[in-house]
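The analysis underlying the following values was restricted to heavy atoms, covering all of them including side chains, and did not include hydrogens, waters or symmetry mates. Labels below follow one simple rule: chain letters A, B, ... track the order of the sequence lines, proteins then strands, and each chain is numbered from 1.
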Amino acid sequence: MSQKLVAVKGMNDLMSPQIEIWQFVERTAREMFGTWGYSEIRTPIVEDTALFVRSVGEVTDIVSKEMYTFEDKGGRSITMRPENTAPAVRAYIEHGLGQQPVTRWYYLGPMFRYERMKTGRYRQFYQIGAEAYGPADASQDVENIALAWHFLKAIGIQHVTLHLNSLGDAPDRPKYLEALRAYFAPHVATFSDAAKETFERNTMRLLDTKEEALRPLVAGAPVIGDFLGEAAKAHFDEVKALLTTLGIPFVIDRTLVRGLDYYTRTTFEFIYEPPAGDNALGTAGTVCGGGRYDNLVRELGGPDKPAVGFAMGLDRLVLLLESLGTRLERRPLLFIATMEPELKAHAVKLVTELRMKGLAVDFDPRGGKFKRQLDRALAVKARHFVVYGQSEHEARAFKIKNMDLPDGDPNKEATVPLDGLAEWLLNAARVAPVTTPPGS
RNA sequence: GCGGUGGUAGCUCAACUGGUAGAGCACAGGACUGUGACUCCUGGGGUUGCCGGUUCAAGCCCGGUCCAUCGCCCCA
């Protein structure tokens, strides 16, 4: 019985016309993150399972139920990375980078979580992240946040709000947790099963519950801000002040606790807040999440190095750009139709020469009727169109038609000698770039 | 993991209370031998997601399964 072979659930093929948007986002990230002093790190897709259990946290949903974990042929427990911070930290330690005062890395690639799918959430999804190891200063937090902020602006994302919170230092946590549990404890009996479990397992996560019934209670819960130690409090104040200095707007979100255990002090998320009627991301509103993790390097066996970083969901960024009407398909600058079969060799040679000069030139290898080739030129949205036929071959000149202009426009057609064609096209490419950035 | 909705041609969708599957777009050929999306004709295409059941007969009814989609949980 032959079954139809399809992609594994939650894992998608990415192709044109979306892939051009992916490439645009990735290209912009590589350029911009590089400018900001971050260099790329590529870690393996799989790691020792223990790495994620120890870093992300045993009681988190990611580790307790969402990991792609399997045994390899040597009997080792292997996990496909659900996030890239822990692998980066592992690499940081493994290569002895603790010797350096500052290390800044970015990564870009697929992550894997075994989850129920919905809009903007897939089992193989893509993240772009940036991590800075070394500096404990608030200016490092803010640099990292500012990078995320300006990157989102650069690719044309709108309607995102920066949510900010501080989780304090490790010693602050137990005191706060105790107060939080004491606050919720009298009400647990009235909780839903899910909420009860959250209370038992990870009390802080009750703060960002989506259960309407719990909202009033959560609103009156103790806030972590009142439990911050002096140092953490001063750090948070400085982060806020610096963000203001840089003109980056933010809201304080006391309920922002995030799902990974390793965060300390600053946590932040960029959340998509759609205009009315828009539902591009469904309930998956977070496009970027991050924060400081001052203890993780040490906890994984490395030196005592503070760090801060973020990760963005590429899938969600692309979804947003698509919903904004972004179209980035590549258009040939010129389409050359061939007429007499015996001249095809000349035409192919011309196409090749122009391409080698960096010009996007296309033709129809099938040849055939003029109309078919013209239709082909229209289908691939070529900007200009010429015929390479007997008369052009003899005159060594072309009549170039600008396909973007309506009939009757005085600039519709131009006569260009064969020798001047490349230069003419280079100039045309300058006037109208092959791809246009979103929002233009 | 739990609940709602849905899967028919490459794409968008039709097919009444069960009666041997259709249109538009796209693709290919022609009318038409070289310059704008036109028009007209013709053609290829489908085991109706998959498996099983009920029935004389299943795209339609029943069960399972896979996939998609929305909400919960959670997250990028």
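- At a threshold of 4.0 angstrom between heavy atoms, the contacts of A:Gly10 are confined to the sugar-phosphate backbone, with no base atom among them.
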Heavy-atom protein contacts under 4.0 Å, nucleotides 31-42 of chain B, coded B base, S sugar-phosphate only, - none = ---BBBS-----
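- Rounded to whole Å, the distance from CE on A:Met11 to P on B:C67 is 11 Å.
- To the nearest angstrom, P of B:G10 lies 14 Å from CE of A:Met15.
- Taking atom P on both B:C25 and B:C62, the two are 36 Å apart, rounded to the nearest angstrom.
- Heavy-atom contacts from other residues, nucleotides or ligands closer than 6.0 Å to CZ of A:Arg42 number 12 or fewer.
- Looking only at atom types and distance, the side chain of A:Glu47 has no donor-acceptor partner in the side chain of A:Thr79 under 3.5 Å away.
- Judged purely by distance below 3.5 Å, without hydrogens or angles, the side chains of A:Tyr126 and A:Glu26 never pair a donor atom with an acceptor atom.
- Base pairing of B:G63 is made with B:C51, judged by Watson-Crick or G-U wobble geometry with both donor-acceptor distances under 3.5 Å.
- Taking atom CE of A:Met204 as the reference point, atom P of B:C74 lies 14 Å away to the nearest angstrom.
- In this structure, CZ of A:Phe112 is placed 16 Å from P of B:A76, rounded to the nearest angstrom.
- Residue-level contact check: A:Phe398 touches neither bases nor backbone, having no heavy atom under 4.0 Å from any strand.
- Distance noted for atom C1' between B:A14 and B:A9: 13 Å (whole Å).
- As judged by a 4.0 angstrom heavy-atom cut-off over every strand, A:Arg113 is placed among the base-contacting residues.
- The same atom, C1', is picked in B:A23 and in B:G46; the two are 15 Å apart, to the nearest Å.
- A donor-acceptor contact under 3.5 angstrom links the side chains of A:Thr43 and A:Asn84, judged on distance only.
- Straight-line distance between the C1' atoms of B:G59 and B:A15: roughly 9 Å, to the nearest whole Å.
- Checked against B:C67, B:A76, B:U69, the side chain of A:Met117 finds its nearest nucleotide in B:U69.
- Residue A:Arg372 has no polar side-chain atom (N or O) positioned under 4.0 Å from OP1 or OP2 of B:C27.
- Note on A:Arg376: nothing from the nucleic acid sits closer than 4.0 angstrom, heavy atoms only.
- Spacing of C1' atoms, B:C32 relative to B:C41, comes out at 13 Å, to the nearest Å.
- Here the options are A:Tyr133, A:Trp36, A:Tyr38, the test is ring pair (Phe, Tyr, Trp, His ring centres under 6.0 Å), and the partner is A:Trp105; only A:Tyr133 passes.
- Spacing between B:C66 and B:G22 at atom C1', rounded to whole Å, works out to 27 Å.
- In this entry the distance linking OH of A:Tyr106 with P of B:A76 reads 21 Å, nearest Å.
- Going from atom CD1 of A:Ile155 over to atom C1' of B:A76 covers 13 Å, rounded to whole Å.
- A donor atom on one side chain and an acceptor atom on the other are found under 3.5 Å apart for A:Tyr388 and A:His393.
- Between B:A58 and B:G52, the distance separating the two P atoms is 13 Å to the nearest Å.
- Remark: B:U39 base-pairs with B:A31; criterion is Watson-Crick or G-U wobble with both hydrogen-bond distances under 3.5 Å.
- The pairing partner recorded for B:G1 is B:C72, the criterion being a Watson-Crick or G-U wobble arrangement whose two distances lie under 3.5 angstrom.
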task = Any chance you could list the contact pattern along nucleotides 1-6 of chain B? Use B for base contacts, S for sugar-phosphate-only contacts and - for none, protein heavy atoms under 4.0 Å, 5' to 3'.
result = BBB---
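- At a cut-off of 3.5 Å, with distance as the only test, no side-chain donor of A:His384 or A:Asp404 sits close to an acceptor on the other residue.
- Judged purely by distance below 3.5 Å, without hydrogens or angles, the side chains of A:Ser16 and A:Glu20 pair a donor atom with an acceptor atom.
- Using P as the reference atom, B:C56 and B:G18 are 16 Å apart when rounded to the nearest Å.
- In this structure, CZ of A:Arg123 is placed 18 Å from P of B:A76, rounded to the nearest angstrom.
- In a base pair of the Watson-Crick type (N1 to N3 plus N6-O4 or O6-N4) or a G-U wobble (N1-O2 and O6-N3), with each distance short of 3.5 Å, B:A57 is matched with no nucleotide.
- A:Glu269 and A:Thr286 share a side-chain donor-acceptor pair at under 3.5 Å.
- In this structure, the side chains of A:Met312 and A:Phe151 come closer than 4.5 Å at one or more pairs of heavy atoms.
- In the model, A:Asp141 has a side-chain atom that pairs as donor or acceptor with a side-chain atom of A:Thr266 under 3.5 Å.
- With a 3.5 Å ceiling on both atom-pair distances, the Watson-Crick or G-U wobble partner of B:C25 is B:G10.
- At whole-Å resolution of the value, NZ in A:Lys9 and P in B:C67 are 5 Å apart.
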